[in-house]
Amino acid sequence: MTLYRRRNLLVTMLCVLLGIAEQAGAVGKWITSNFDGIEYVRLTDVWRFYGFNRKQGKPGYTSFGAGNRVVSLKERKQDFYMNNYRYILSYPVLERDGEMYISATDMSKLVDPVLRPNLARHGKITTVVIDPGHGGHDAGAVSAYAREKDCNLAVGLKLRDKLKAAGFKVVMTRDRDFFLTLGERVAIANRTPNSLFVSIHHNSGRSSASGIETFTLAPHGTTSPFARTRRTEDLAGNNQDSENIALATAVHSHSIHTTSAIDRGIQRARFSVLCTIRRPAILFEGGFVTNPQEGSKISSPSYQDTLAKCICDGIVRYICNTKTGSAERPRTGGGSTRTMYSGSGNSRGSTAKNSYGKHR
Ligand SMILES: [Zn+2]
């Protein structure tokens, strides 16, 4: 097969993947290129498809957008901002011969579902499965300011009440202080029809580390910084990639907007509770119990109530967005006045790795 024919085949495949086969003819062909075994799409073509032009965005980044949508990126970086909220790409943005490229996987599994959430296949959601992480002998992250299992449960119970008041049915994986395995948590979600799954956790790290981060399952075939394996056969995705990222975006952006916490991003992972779930699912990390200021806040009922309201409102917005296709609200005001990662230098790397993976 010639390179030209192969490329045309890939373009067709990508268009089908994105559900844009009809529109593609009108905007010209998307040229895909294989760099180091990974398919990439030229960003010039992507912006033309969305009708984006150069726009003011995140300082130090190249930004494009139209209307109230803005995307900011940087070559060789996996940091990627949409409407000023941080995402971690599966592969870095590349620059080749004066053109910038984004991976086809990131285009179809991240960028397009966020920019066009109305295209996410949205099953009927009547029930939310709330999973307060840890419990019983497993305390999770512990500091002088807070104990994770208690904070997870407190936020989860408040979230339960708010969701019920909003008309949802709720199933708790635990509503008291007891231990259950990750497999038991997943089984509860998988046997609950018309549900989505929210696992609630809090973080530990250096005392300077702070902020909120939200995890969804890494797309099929991709690894993640939190993957335990790089064997291709272990890198399965699931059928809810679009729903996962739309749900994560709604909950995470609302939480960052409301709390003005440091935005540690929407990240990909292969935690046990995300890998085998057959429902739209996120794992929400509401802050660091090991940070003096954030840890004290996390242990207070009023902040726990704020986090629960953020998650509840995010779930409602997810369901509205995937029906109506309304764009995420661009962040304004307090959230944009503070510096990302202020005070910690490298706060991403400061997370205690041993708390990841073992109990999620
Ligand atoms: Zn945890």
Side-chain angles (χ1 to χ4, degrees), residues 88 128-160 172-189 197-207 209-218 224-228 244 247-248 251-252 255 259 261-262 264-277 281-291 294-300 303-304 307-308 310-311 314 347-360:
I88 310 300
V128 178
V129 177
I130 302 172
D131 174 40
H134 310 279
H137 69 265
D138 173 15
V142 177
S143 75
Y145 319 104
R147 198 165 58 166
E148 187 194 351
K149 67 171 184 176
D150 300 332
C151 302
N152 298 343
L153 181 59
V155 173
L157 292 173
K158 290 176 188 297
L159 175 60
R160 175 191 64 185
M172 303 288 295
T173 59
R174 68 177 179 100
D175 57 6
R176 291 166 285 120
D177 183 20
F178 65 89
F179 178 79
L180 71 168
T181 66
L182 297 171
E184 287 167 334
R185 296 167 199 259
V186 172
I188 290 170
F197 177 82
V198 178
S199 190
I200 299 169
H201 287 253
H202 291 83
N203 250 323
S204 67
R206 283 203 301 247
S207 63
S210 70
I212 291 173
E213 58 195 353
T214 304
F215 292 92
T216 67
L217 179 63
S224 86
F226 307 104
R228 294 177 202 163
N244 291 339
L247 175 61
V251 169
H252 185 82
S255 303
T259 64
I262 297 286
R264 298 173 64 86
I266 293 171
Q267 308 197 35
R268 305 296 200 167
R270 293 189 174 277
F271 300 139
S272 294
V273 289
L274 297 178
C275 276
T276 50
I277 211 144
I282 59 169
L283 189 146
F284 178 83
E285 292 274 3
F288 282 72
V289 301
T290 40
N291 179 290
E294 204 165 62
S296 301
K297 273 204 298 191
I298 286 166
S299 64
S300 76
Y303 193 72
Q304 291 164 352
L307 288 179
C310 289
I311 300 169
S347 61
R348 254 215 302 163
S350 63
T351 299
K353 284 285 189 286
N354 63 359
S355 74
Y356 277 155
K358 266 168 68 181
H359 304 297
R360 299 188 293 198

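Read the numbers this way: they start at 1 and go in the same order the structure lists the ligands and their atoms.
The atom name of the N/O/S atom in Glu148 closest to the Zn ion (ligand 1) is OE2. No other N/O/S atom of His201 lies as close to the Zn ion (ligand 1) as ND1 does.
Applying the salt bridge (Lys or Arg N to Asp or Glu O under 4.0 Å) rule to Asp177 yields the partners Lys149; only residues at least two apart in sequence or on another chain are considered. Under the salt bridge (Lys or Arg N to Asp or Glu O under 4.0 Å) criterion, Arg147 pairs with Asp150, not counting sequence neighbours.
At distances below 3.5 Å, not a single donor-acceptor pair connects side-chain atoms of Gln304 with backbone N or O atoms of Val155.
The Zn ion (ligand 1) has an N, O or S atom of His134 inside 2.8 Å of it.
Counting heavy atoms from C-beta on, the side chains of Thr216 and Arg268 come closer than 4.5 Å.
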